[in-house]
Amino acid sequence: MLQVSFLRQNRELAKQKLAVKHFAQPDLVDTVIDLDDERKQLQAAFDETQAKVNAASKEIGALMAKGDKEQAEATKAAVGEWKKQLEPLKEKMAQVEIDLQNTLVQFPNLPHDLVPKGKTPEENELVKQGGETPKLHAGAQAHWDLISKYNLVDFETGSKITGSGFPLYIGKGAKFQRALVQYFLDFNIAAGYTEYLPPFMVNEASAFATGQLPDKEGQMYHATADNFYLIPTAEVPVTNIYREVVLKEADLPLQMTAYSPCFRREAGSFGKDVRGLNRVHQFEKVEIIQIVHPDKSDEVLNEMVAHVEKLLVSLGLQYRILRLCGGDMGFASAITYDFEVYSAAQERWLEVSSVSNFQAYQTYRMKCRFKDAAGKINFAHSLNGSSLALPRIFAAIVENYQTEAGIALPKVLQAYFGAENLI
RNA sequence: AGAGAGGUGUCCGAGUGGUUUAAGGAGCACGCUUGGAAAGCGUGUAUACGGCAACGUAUCGGGGGUUCGAAUCCCUUCCUCUCUGCCA
C-alpha cells in the first residue's frame, strides 16, 4: 500500500510512476489527498468536541463526590448536546476513512527507476543469459511424454482424486521432488537463510498484508467454513511473521527460507502454457524472503538475484534473467527479475523464479517497522523470490538431461536423490 | 467438539463504574555517587492520528453496546491454559 504522506509530497512523480505500470486511474492520487484532507478536518473537529466531553465527564465525577447533584445534572445536559454533535462527525469520519482505505488499496506499488516502460512480456528487458543449450538426441521428448513413459507423474489419477492440475507424483518422480526440496533448502540455509515450515493456510489479515487481498482474491482457494485461504506461496505466511511488529534496527536483515506447497486457482489462464507441469493448481516451491533496512533493499535484491543464479548454474540449466517491464510486473512489486530456464525439448523458455523488491509496499500494509538508533520508527523493506519453484525445474531437468537410455541427473542432485541417474 | 479459567505496557503484576493522568516490581537507557564496579538515589522508558508547538484524540486481545463517564458492566469474536471427548 502506498503512503498518503508520500503521495502528498510527490503528487506528479507518483502519477508518472503509475503510468509506467499502466495504471488506468492516475487521478485517484488527487482523490486520496482530498479524502485525507477531509479526514484531517473531521478529526480535528471531532477531537475538539470529544475533549470537551471528556473534561466535563471528569467534572461530573468531582461534583458527585462533593454531593453537588444539581450542578452535575446541568453538566450532564451540556455533555448530551456535545454528544449529539459528535454522532454525525463520527459517522462521516468512519465513512471517509473507509473511502480512503478503499482508494489507497487500489494503487499498485510504484516501479523502481530501473523498470522499463513496456506493457507486454515481449518488452521485458534481457539482463543476462547463461549456460549452454543442451544437444538432445534424435527423438527427444517433452516432459509430458517422458513422465508418462517412466511413470513419474500421473495427471489422470490426480484429476480423479481432485481435479485437473493436481499432479500425482509416483515413485522416482515423488522422490525427485523431495530431493529437489531438500537441495534447495540446504542451498539457501548455507547462504544464511533460516528455515521455516509455515502454516499452509492463512487468515484474511495475512492475505491482505502481503497484497493477495483484495487484488487476487479469485486466485486463491478459500476455505469458507473457517475463512482461511490456501497459500499461493510461502511468501504469505512467512512475511506475516513480522506483521504488526516493531523490530530493532540490529535485527535486520531477516533472511528466511521456507518450503511449501502452493495452491493457485489460475482462473482465466488457458492455452499453450498449460500442458504437463507448465501450469498446475498445486505445486511445490522453496521461497526466500528478506526483511531489510530501506537503504539496503536495492543491494539485497542484487544479492538475491545472484543467489538464484548460482543455484541454476549448479543445476547445469541454461537460463536467462529478465527485468520485467511495468506492464508485466506484479501488483505489489517495485522491481522484479524473472528467471527462465530453456527447455530444449519444448524449445521455449520456462519461468522458474521471480525475485522482487516490494520496498515498503507490504511492510506499510503489515505495519512491519523498525526503530533506528535515534528511536525513530521506520518501515522496513521486504523482498522475496523463488529458490526455486519445482514443476518447471522438474520439467527442464527431465527434458534436458534425457538420454536414449533414461534420464541423467545434475551432479549436485545425485547425493540428494541417492543415485547417479533419475532413470 | 464440550465444560471451566484466563488475555492489562518490554516483562511480571495490581486494578470489578469516577483524581487510574493504568499502582507496584523487574528489565533497559541516561545522570548522580565510585579509583572502577555493584548497591543506592534521581530521571526517562508503547503505538497511531491531528497540531509549528503546548497539547488533544484513540488504544488494557479484536469488534460492537450500555453510561455524563468503561481496563472494570453487557453482547460477539479470536487466542491461551486445564479437564473431558475425538484423532495422526
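As the structure is a prediction and not an experimental result, all values here were calculated from the model. Sequence lines set the chain letters: A, B, ... in the order given, protein chains first and strands last, and positions in each chain run from 1.
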Exercise for the section: Would you tell me if any nitrogen or oxygen in the side chain of A:R369 comes within less than 4.0 Å of OP1 or OP2 on B:U47? Expected result: no

Distances for protein N/O vs nucleotides 27-29 of chain B N/O pairs under 3.5 angstrom?
none

Problem - Modelled atom types, side-chain donor and acceptor of A:S148 and A:D145, under 3.5 Å - result: no

Exercise for the section: Give a yes or no on whether a salt bridge exists between A:D99 and A:K92, defined as a side-chain N under 4.0 angstrom from a carboxylate O. Expected result: no

Practice task
May I have the distance from A:K58 (atom NZ) to B:G17 (atom C1'), rounded to whole angstrom?
Solution key: 15 Å

Handout entry: Rounded C1' spacing from B:U21 to B:G9 in Å
Key = 15 Å

Fill in the blank from the handout: The answer to which of A:D47 and A:V79 contacts RNA chain B further toward the 5' end, by nearest nucleotide, is A:D47

Exercise for the section: Indicate whether OP1 or OP2 belonging to B:A58 is found under 4.0 Å from a side-chain N or O atom of A:N54. Expected result: yes

Handout entry: B:C49 to B:A53 separation - P atoms, rounded to the nearest Å
Key = 13 Å

Handout entry: Whole angstrom value for the distance that separates C1' of B:G69 from CH2 of A:W82
Key = 14 Å

Practice task
Taking atom C1' in both B:U72 and B:C60, compute the distance separating them and give it to the nearest angstrom.
Solution key: 10 Å

Practice task
State yes or no: are the ring centers of A:F394 and A:H143 separated by less than 6.0 Å?
Solution key: no

Exercise for the section: Give A:K371 one of three labels, base, sugar-phosphate or nothing, depending on what nucleic acid heavy atoms sit under 4.0 Å from its own. Expected result: sugar-phosphate

Problem - B:C12 and B:G6, which share atom name C1', separated by this distance in whole Å - result: 16 Å

Problem - Selection from B:G50, B:C68, B:A58 that lies nearest to any side-chain heavy atom of A:S57 - result: B:C68

Handout entry: A:R323 with A:D328: basic N within carboxylate O range, under 4.0 Å
Key = no

Problem - Pairwise P distance for B:A14 and B:G24, with rounding to whole Å - result: 15 Å

Handout entry: Test item: side-chain donor near acceptor, A:N188 and A:H307, under 3.5 Å
Key = yes

Handout entry: Which residue lies more 5' along RNA chain B, comparing A:I377 with A:G61 via nearest heavy atoms
Key = A:G61

Practice task
For the residue pair A:Q402 and A:Q141, confirm or rule out a side-chain donor-acceptor distance under 3.5 Å.
Solution key: no

Handout entry: Axial cation check for A:F46 ring with A:K90, 6.0 Å and 45° limits
Key = no

Handout entry: Separation between the P atoms of B:U19 and B:A58, rounded to whole Å
Key = 15 Å

Problem - Interatomic distance where CD belongs to A:E59 and C1' belongs to B:G69 [whole Å] - result: 13 Å

Exercise for the section: Check whether any side-chain N or O of A:Q50 sits under 4.0 Å from OP1 or OP2 of B:G56, and answer yes or no. Expected result: no

Exercise for the section: Take the protein atom CG of A:L100 and the nucleotide atom P of B:G50, then report the distance between them rounded to whole Å. Expected result: 11 Å

Completion exercise
From the candidates B:G50, B:G56, B:A48, the one with an atom nearest any side-chain atom of A:R39 is B:G50

Practice task
Would you kindly say whether A:Q362 and A:E235 are connected by a side-chain donor-acceptor distance under 3.5 Å?
Solution key: yes

Problem - A:E217 side chain to A:Y229 side chain, donor-acceptor N/O pair below 3.5 angstrom - result: yes

Practice task
Give A:A56 one of three labels, base, sugar-phosphate or nothing, depending on what nucleic acid heavy atoms sit under 4.0 Å from its own.
Solution key: nothing

Practice task
Provide the distance between the two P atoms, one in B:G36 and one in B:A71, to the nearest whole Å.
Solution key: 48 Å

Problem - No-hydrogen, no-angle side-chain donor-acceptor test under 3.5 Å, A:Q182 and A:D186 - result: no

Practice task
Using a heavy-atom cut-off of under 4.0 Å over every strand shown, decide if A:Q43 touches base, sugar-phosphate, or nothing.
Solution key: base

Practice task
Map every base of RNA chain B to its dot-bracket character, where paired means a Watson-Crick or G-U wobble contact with both distances under 3.5 Å and | marks a partner outside the strand.
Solution key: ((((((((.[[[..)..(.....]]]((((((.......))))))(((((....))))).[[[[[..)....]]]]])))))))....

Practice task
Taking atom C1' in both B:G61 and B:C79, compute the distance separating them and give it to the nearest angstrom.
Solution key: 7 Å

Handout entry: Pair A:D37 + A:K40, salt bridge at N-O below 4.0 Å
Key = no

Practice task
Would you indicate what A:N203 reaches in the nucleic acid, counting non-hydrogen atoms under 4.0 angstrom: base, sugar-phosphate, or nothing?
Solution key: nothing

